[in-house]
Amino acid sequence: MVDVKFEEQAQLQLVDQDAEEEEDSFESIDKLISQGINAGDVKKLQDAGIYTCNGLMMHTKKSLTNIKGLSEAKVDKICEAVDKVVSMGYLTGSDLLQKRKQIVKITTGSAALDELLGGGIETAALTEAYGEFRSGKTQLAHTLCVSTQLPIHMHGGNGKVAYIDTEGTFRPDRIVPIAERFGMDAGAVLDNIIYARAYTYEHQYNLLLGLAAKMAEEPFRLLILDSIIALFRVDFTGRGELADRQQKLAQMLSRITKIAEEFNVAVYMTNQVIADPGGGVFISDPKKPAGGHVLAHASTIRMMLRKGKGEQRVAKIIDAPNLPEGEAIFQITPGGITDAKD
């Protein structure tokens with residue numbers, strides 16, 4: 001059965017009023033044809049992973065001229081045309097507040113964790129969870145795979161899920177009991193999850209490029225990367241390659257941020273920890289998240305997970321633009337993430 005706690009949170013039903021408007025959150029790239037752009041050039045943009053006018057505005061002219069078959073003159077014409085279709089200029093604070101009503105907050109399965117996150121995992125934002133192994137990062141990812149498919153009024157996202165797995169830890173059989181807990185059909189839930197296993201950081205980036213085509217056609221509401229950093233730690237070794245690694249990581253995070261904002265999807269990324277020898281003698285657990293400042297600045301909400309007693313885990317908000325620092329205790333059960341039981 002669905003937890004009664006989800007039904008009680010009546011204020012979340014307000015989001016339902018905006019559900020119909022979500023269709024208009026982006027303009028299809030095909031609209032450029034009506035502005036005098038050649039259909040062949042539009043196809044070249046789609047082949048490069050650009051499926052919306054909003055997404056096109058997020059590219060520099062330099063990157064567009066690198067697309068095979070697009071000259072500088074063509075790119076200038078395309079940029080003029082896209083300016084007529086979408087406006088990416090200034091907004092008033094009131095307009096932005098109105099626009100943020102399209103943001104959906106997806107339940108984690110635990111009311112305490114939802115409260116800590118200000119209602120749940122937020123769309124159009126990057127939520128990062130870091131911690132040691134067995135701290136609950138992947139279990140939270142599995143629970144979100146199901147809760148994202150709940151209707152909006154039940155604190156879900158009413159959308160599909162894309163899962164990019166870099167560590168080989170996704171288990172479809174784990175989804176079945178979680179779906180049963182929420183009163184959903186496990187087969188239908190699994191059909192609404194698209195999964196890809198990435199083996200190199202380049203493969204991971206190409207999978208992100210291919211997502212735009214799917215998200216432009218179907219209602220996705222969550223992108224999971226488990227984990228964001230693992231392949232970078234394998235493919236780049238030693239201090240000599242660190243600058244190159246961080247630059248490539250920054251490019252990937254930029255792409256993820258654009259996907260989140262372009263399609264109004266929530267992004268949940270897991271991150272690993274590294275030993276911090278300079279942590280000092282006064283810190284009992286000298287570990288810090290991998291990825292350095294590049295990853296720290298890219299994450300909208302940064303959350304640390306650590307083990308508690310038994311199956312309990314503790315989540316702590318480390319950084320968020322609109323949330324106070326705080327902690328919440330949750331529990332891992334066969335039905336996914338739930339509130340801790342004393």
Side-chain angles (χ1 to χ4, degrees), residues 3-6 8-9 105-122 125-148 155 167 169-171 174 177-178 181-182 222 224-230 266-292 295-296 298-342:
D3 291 6
V4 182
K5 288 172 188 167
F6 300 126
E8 287 172 355
Q9 303 191 23
K105 301 207 172 176
I106 301 164
T107 181
T108 59
S110 160
L113 188 52
D114 286 349
E115 190 179 339
L116 180 74
L117 291 166
I121 302 289
E122 197 175 277
L126 275 60
T127 303
E128 175 203 347
Y130 73 86
E132 289 184 275
F133 61 95
R134 277 199 77 238
S135 57
K137 305 184 296 294
T138 301
Q139 294 302 317
L140 178 53
H142 281 73
T143 306
L144 288 168
C145 280
V146 179
S147 65
T148 299
H155 204 170
E167 299 183 8
T169 50
F170 178 73
R171 295 291 179 270
R174 182 77 185 90
I178 302 173
R181 167 212 169 175
F182 285 106
L222 177 69
I224 293 172
L225 292 113
D226 185 19
S227 73
I228 181 69
I229 198 74
V267 176
Y268 172 72
M269 318 182 288
T270 67
N271 190 10
Q272 301 170 343
V273 290
I274 54 175
D276 183 10
V281 290
F282 302 108
I283 299 173
S284 58
D285 192 21
K287 292 185 185 68
K288 61 182 183 181
L295 188 48
S299 301
T300 318
I301 296 153
R302 177 167 254 203
M303 177 171 58
M304 180 181 77
L305 303 183
R306 67 174 194 268
K307 299 180 188 108
K309 55 184 181 185
E311 290 301 312
Q312 290 187 0
R313 303 290 184 269
V314 182
K316 181 181 181 181
I317 293 290
I318 302 296
D319 176 40
N322 58 342
L323 300 172
E325 281 192 17
E327 289 191 354
I329 300 172
F330 63 92
Q331 191 156 333
I332 299 170
T333 70
I337 300 292
T338 62
D339 280 328
K341 297 174 180 65
D342 295 327

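Both backbone and side-chain heavy atoms feed into the values below; hydrogens, waters and symmetry mates do not. In this chain, numbering begins with 1 at the start of the sequence shown.
Applying the salt bridge (Lys or Arg N to Asp or Glu O under 4.0 Å) rule to pairs touching residues 313-338 yields Arg306-Glu327, sequence neighbours excluded.
The two residues Thr300 and Pro321 make their nearest non-hydrogen contact at O-CD, 3.1 Å. Between Gly291 and Ile229, the shortest heavy-atom distance links the atoms CA-CD1, 3.7 Å. Between Lys287 and Val273 the shortest heavy-atom distance is CD-CG2, 4.0 Å. Here the shortest heavy-atom pairing between Ala340 and Gln312 reads CB-NE2, 3.7 Å. Nearest heavy-atom pair across Ala141 and Ile224 is O-CD1, 3.4 Å. Nearest heavy-atom pair, Ile274 versus Ala290, reported as atom, atom and distance to 0.1 Å: CG2-CB, 4.0 Å.
None of Thr338, Thr127, Leu117, Thr143 except one satisfies the side-chain contact (heavy atoms from CB on, under 4.5 Å) rule with Thr108; the exception is Leu117. Among Arg302, Met303, Met304, the one residue that satisfies the side-chain contact (heavy atoms from CB on, under 4.5 Å) test with Asn271 is Arg302.
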Worked verdict on Glu128 versus Ile228 for side chain to side chain contact (heavy atoms under 4.5 Å, CB included): CA-CA 9 Å; Glu128 175 203 347; Ile228 181 69; 5.7 Å; no

Worked verdict on Ile318 versus Tyr130 for side chain to side chain contact (heavy atoms under 4.5 Å, CB included): CA-CA 10 Å; Ile318 302 296; Tyr130 73 86; 3.7 Å; yes

Derivation of the side chain to side chain contact (heavy atoms under 4.5 Å, CB included) call for Ile332 and Ile337: CA-CA 5 Å; Ile332 299 170; Ile337 300 292; 4.1 Å; yes

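A donor atom on one side chain and an acceptor atom on the other are found under 3.5 Å apart for Gln272 and Glu167.
Judged by distance alone, the side chain of Asp226 and the main-chain N or O of Thr138 form no donor-acceptor pair under 3.5 Å. Listed for the Gln139 side chain is no donor-acceptor partner under 3.5 Å among the backbone atoms of Arg134. Using modelled atom types, one side-chain atom of Lys137 and one backbone atom of Glu132 make a donor-acceptor pair closer than 3.5 Å. Distance alone, capped at 3.5 Å, places no donor-acceptor pair between the Ser147 side chain and the Gly109 backbone.
Side-chain contact between Tyr268 and Leu222 is present, with heavy atoms from C-beta onward closer than 4.5 Å. Between Ile178 and His142 the shortest side-chain heavy-atom distance falls below 4.5 Å.
Taking OG1 of Thr169 as the reference point, atom CZ of Arg171 lies at 7.0 Å (rounded to 0.5 Å). Here the straight-line distance linking atom CD1 of Ile301 with atom CE of Met269 works out to 10.5 Å at 0.5 Å rounding.
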